[in-house]
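Everything on this sheet refers to the single structure shown next.
Predicted, not measured: the structure shown is a model, and the values here were computed from it.
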2 protein chains.
Amino acid sequence: MFVSSKKRVELDDVDKKLMIELLRDARTSLRRLAEEMNVSPATLHNRMNRLIQEGVVRGFVALLDYTKLGYTLTSIIMVKVDGKHIVEFEKEVANSPNVVSVYDVVGDYDVILIAKFRDTEELDTFLKQLLKNPRVERTFTSIVLNTVKEDPRVRII
Amino acid sequence: MFVSSKKRVELDDVDKKLMIELLRDARTSLRRLAEEMNVSPATLHNRMNRLIQEGVVRGFVALLDYTKLGYTLTSIIMVKVDGKHIVEFEKEVANSPNVVSVYDVVGDYDVILIAKFRDTEELDTFLKQLLKNPRVERTFTSIVLNTVKEDPRVRII
DNA sequence: CTTGAAACGGTTTGAGT
DNA sequence: ACTCAAACCGTTTCAAG
């Protein structure tokens with residue numbers, strides 16, 4: 001759930017190709033890919049396990065269209081937090097099932113959250129909870145009118 | 001790649017359980033899950049295809065730890081765009097492989113982008129490209145110091 | 001729309017290199 | 001660390017309910 005250690009990792013062409021395929025389709029067949037790459041399925045299986053074990057691959061997830069599930073309200077919430085308690089605050093807020101991202105930034109605000117809700121009442125409750133937290137000095141919320149793109153896949157290599 | 005139609009969708013308990021499992025692990029075995037749920041694997045297979053076909057399930061992806069792949073720079077870029085050209089601008093910027101999210105918002109800025117880069121030079125080039133676009137009036141960029149959470153999974157139901 | 005059963009395809013293990 | 005091959009497991013199809 002949390003982003004872990006920052007240490008870089010060595011990847012050869014087999015790892016890279018495998019990751020690109022798993023990014024494209026996490027349910028892809030290792031056997032078919034192995035044939036395409038002229039390695040054995042067992043090799044890809046080993047590589048995949050190694051990548052998971054090293055934490056490069058954090059998991060395999062379904063991408064859902066949340067608007068079709070009633071989560072029509074996306075919000076970008078900037079939070080000014082009492083400097084001594086930013087880390088505790090971030091851990092707390094990251095546990096909320098509505099929060100998809102928690103970023104630590106510099107500037108007028110300290111933390112930027114992306115969170116999704118089914119309606120304004122859910123958002124309102126969430127914001128009131130935030131402001132009840134004595135560590136929170138102020139918040140500024142932008143409501144998303146339209147999600148043009150939301151895809152965790154960055155082109156690697 | 002783009003978020004599609006907003007029409008709500010009817011889901012029964014089988015669909016919901018299946019989606020929750022696919023959110024947790026996109027490579028989960030339908031046979032094992034079918035046994036757990038007392039339905040046939042063929043039913044889950046049909047349901048999964050229906051969910052994909054309806055667009056509720058947009059795809060299955062590997063979640064990667066981008067910091068381990070050298071993408072150590074996450075940025076939140078707010079953009080003020082000439083009102084008549086927001087949609088074209090958004091489509092253009094959504095095509096960039098560095099951009100993970102594009103949100104249309106109200107307020108001082110019109111568009112909020114989340115984008116990932118390997119270094120400040122990549123970010124600089126990206127920002128200069130943005131400002132070259134005559135549709136762009138101004139930008140404000142926050143650099144992410146620490147990504148505390150980044151997980152597309154919202155708790156559904 | 002669900003099922004059981006079969007056919008097909010995919011993953012995983014382990015011995016050998 | 002990779003491969004082969006076998007054993008095991010999972011998916012997909014389809015005829016029938």
Side-chain angles (χ1 to χ4, degrees), chain A residues 4-5 7-70 151-153 156-157, chain B residues 4-65 68-70 152-153 156-157:
Chain A
S4 55
S5 138
K7 194 134 127 282
R8 285 287 296 278
V9 138
E10 283 303 313
L11 299 165
D12 68 9
D13 289 350
V14 175
D15 294 316
K16 287 174 189 169
K17 185 88 204 295
L18 172 59
M19 275 198 308
I20 290 166
E21 284 300 308
L22 291 172
L23 264 189
R24 199 187 50 74
D25 175 12
R27 290 181 74 93
T28 199
S29 144
L30 300 186
R31 186 198 267 195
R32 185 197 50 71
L33 187 58
E35 195 160 338
E36 195 182 315
M37 294 172 68
N38 295 307
V39 293
S40 78
T43 298
L44 290 188
H45 182 247
N46 291 339
R47 295 303 188 98
M48 192 171 83
N49 287 344
R50 213 195 82 219
L51 290 168
I52 293 167
Q53 209 252 304
E54 282 174 324
V56 182
V57 172
R58 294 157 54 207
F60 303 101
V61 302
L63 288 187
L64 305 185
D65 183 338
Y66 286 106
T67 63
K68 290 200 167 126
L69 296 169
D151 194 308
R153 292 173 278 191
I156 53 172
I157 302 113
Chain B
S4 56
S5 139
K6 275 106 194 165
K7 194 133 128 277
R8 284 288 295 280
V9 138
E10 283 303 314
L11 299 166
D12 69 10
D13 290 349
V14 173
D15 294 315
K16 287 175 189 167
K17 185 86 206 295
L18 173 59
M19 275 198 308
I20 289 166
E21 284 300 308
L22 291 172
L23 263 190
R24 197 187 51 72
D25 175 12
R27 289 182 74 93
T28 200
S29 143
L30 300 186
R31 185 197 267 194
R32 186 198 50 72
L33 187 58
E35 195 161 336
E36 195 182 315
M37 294 172 68
N38 295 306
V39 293
S40 78
T43 298
L44 290 188
H45 182 248
N46 291 339
R47 295 303 188 98
M48 192 171 84
N49 287 344
R50 211 195 85 221
L51 289 168
I52 293 167
Q53 208 252 306
E54 282 173 326
V56 181
V57 171
R58 293 159 54 209
F60 303 101
V61 302
L63 288 187
L64 304 185
D65 183 337
K68 291 201 168 126
L69 296 169
R153 292 173 278 191
I156 52 170
I157 301 116

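Under the 3.5 Å distance criterion, with hydrogens and angles disregarded, no donor-acceptor pair is assigned to the side chains of Thr43(B) and Arg47(B).
Nucleotides of DNA chain D lying under 4.0 Å from heavy atoms of chain A occupy a range whose first and last members, 5' to 3', are dC2(D) to dT11(D).
Heavy-atom distances under 4.0 Å link DNA chain D to no residue of residues 13-21 of chain B.
Side-chain contact check for Leu63(A) versus Val57(B): every heavy-atom pair is 4.5 Å or farther apart. You'll find the side chain of Leu11(A) reaches within 4.5 Å of the side chain of Leu69(B), heavy atoms only. Residues Leu22(B) and Arg27(A) form a side-chain contact, since some pair of their non-hydrogen atoms from C-beta on lies under 4.5 Å apart. Counting heavy atoms from C-beta outward, Leu44(B) and Met37(B) have side chains that approach closer than 4.5 Å. Side-chain contact check for Met48(A) versus Leu18(A): some heavy-atom pair is nearer than 4.5 Å.
In this structure, the CD atom of Glu35(B) is 14 Å from the C1' atom of dG4(C), given to the nearest Å.
Arg47(B) comes within 4.0 angstrom of sugar-phosphate atoms only, judged by non-hydrogen atoms across all strands, and of no base.
Note that the two end axes of the helix from dC1(C)-dG17(D) to dT17(C)-dA1(D) enclose an angle of 30°, each drawn from 5 base pairs, rounded to 10 degrees.
In this view, Arg31(B) and Ser29(B), Pro41(B) satisfy the side-chain contact (heavy atoms from CB on, under 4.5 Å) rule, not counting sequence neighbours. Partners of Arg24(B) by side-chain hydrogen bond (donor to acceptor under 3.5 Å, both in side chains), not counting sequence neighbours, listed by chain and number: Glu21(B). The side-chain contact (heavy atoms from CB on, under 4.5 Å) check on Gln53(A) picks up nothing, with sequence neighbours excluded. For Glu54(A), the side-chain contact (heavy atoms from CB on, under 4.5 Å) criterion is met by Val9(A), Arg50(A), Leu51(A), Val56(A), not counting sequence neighbours. Applying the side-chain contact (heavy atoms from CB on, under 4.5 Å) rule to Glu10(A) yields no partners; only residues at least two apart in sequence or on another chain are considered. Evaluation of the side-chain hydrogen bond (donor to acceptor under 3.5 Å, both in side chains) rule for Asp13(B) yields no partner, not counting sequence neighbours.
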Fill in: side chain to side chain contact (heavy atoms under 4.5 Å, CB included) between Tyr66(A) and Ile156(B), intermediate numbers included
CA-CA 9 Å; Tyr66(A) 286 106; Ile156(B) 52 170; 3.8 Å; yes
Worksheet entry | Base-contact (B) and sugar-phosphate-only (S) positions in nucleotides 11-17 of chain C, heavy-atom cut-off under 4.0 Å, - elsewhere | BBB----
